[in-house]
K.L.:
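Before anything else, here's the structure in question.
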Amino acid sequence: MTKVLVLAGATVAAASGYAWAQQTFSAWGHDFTLSQFAPQQMMVAVATDTKTGRKFNVLKLKNGKMMAIAPVNSMQGMPETAQEDMIQ
């Protein structure tokens, strides 16, 4: 039983490592490729719902607009962002 768990864990780790190396991910039935990650300095805040207390992160973009940051797997539908609102 232990060998099976170790083998399953190794398989998951290898698949995750491969996806990370390829910089791809799948969501909403689509496959996505990622640009190279680059360090940037961003203005970050935490937004808190005054009624429920739920929180999420918000970035202030260079053009003055704000963008909410949420985990991909928590979104209902595929997000769409205008080119001028992309962080570059």
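Just so it is clear, the values below take in all heavy atoms, side chains as well, and ignore hydrogens, waters and symmetry mates.
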K.L.:
Can you measure from CG (Leu61) to CD (Glu84) and round to the nearest 0.5 angstrom?
P.N.:
10.5 Å

K.L.:
Hey, could you give me the CZ/CG distance between Arg54 and Asp49, rounded to the nearest 0.5 Å?
P.N.:
8.0 Å

K.L.:
Suppose clustering is done on Ile, Leu, Val, Met, Phe, Trp and Tyr with side-chain heavy atoms closer than 4.5 Å. Which residues sit in the same group as Val58?
P.N.:
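Val58 clusters with Phe56, Met66.
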
K.L.:
Can you measure from CE (Met42) to CD1 (Ile69) and round to the nearest 0.5 angstrom?
P.N.:
7.5 Å

K.L.:
Just do the side-chain contact (heavy atoms from CB on, under 4.5 Å) check on Thr24 and Phe32 with the steps written out, would you?
P.N.:
CA-CA 5 Å; Thr24 63; Phe32 298 91; over 6 Å; no

K.L.:
Is there a side-chain contact (heavy atoms from CB on, under 4.5 Å) between Gln23 and Gln36 once you walk through the steps?
P.N.:
CA-CA 8 Å; Gln23 295 195 341; Gln36 294 293 319; 3.6 Å; yes

K.L.:
Tell me, please, which residues at least two apart from Ser35 pass side chain to side chain contact (heavy atoms under 4.5 Å, CB included).
P.N.:
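Ser35 satisfies side chain to side chain contact (heavy atoms under 4.5 Å, CB included) with no other residue.
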
K.L.:
With sequence neighbours excluded, tell me which residues meet side chain to side chain contact (heavy atoms under 4.5 Å, CB included) with Asp31.
P.N.:
Ser26

K.L.:
Taking atom CE of Met43 and atom NZ of Lys62, what is their separation to the nearest 0.5 Å?
P.N.:
13.0 Å

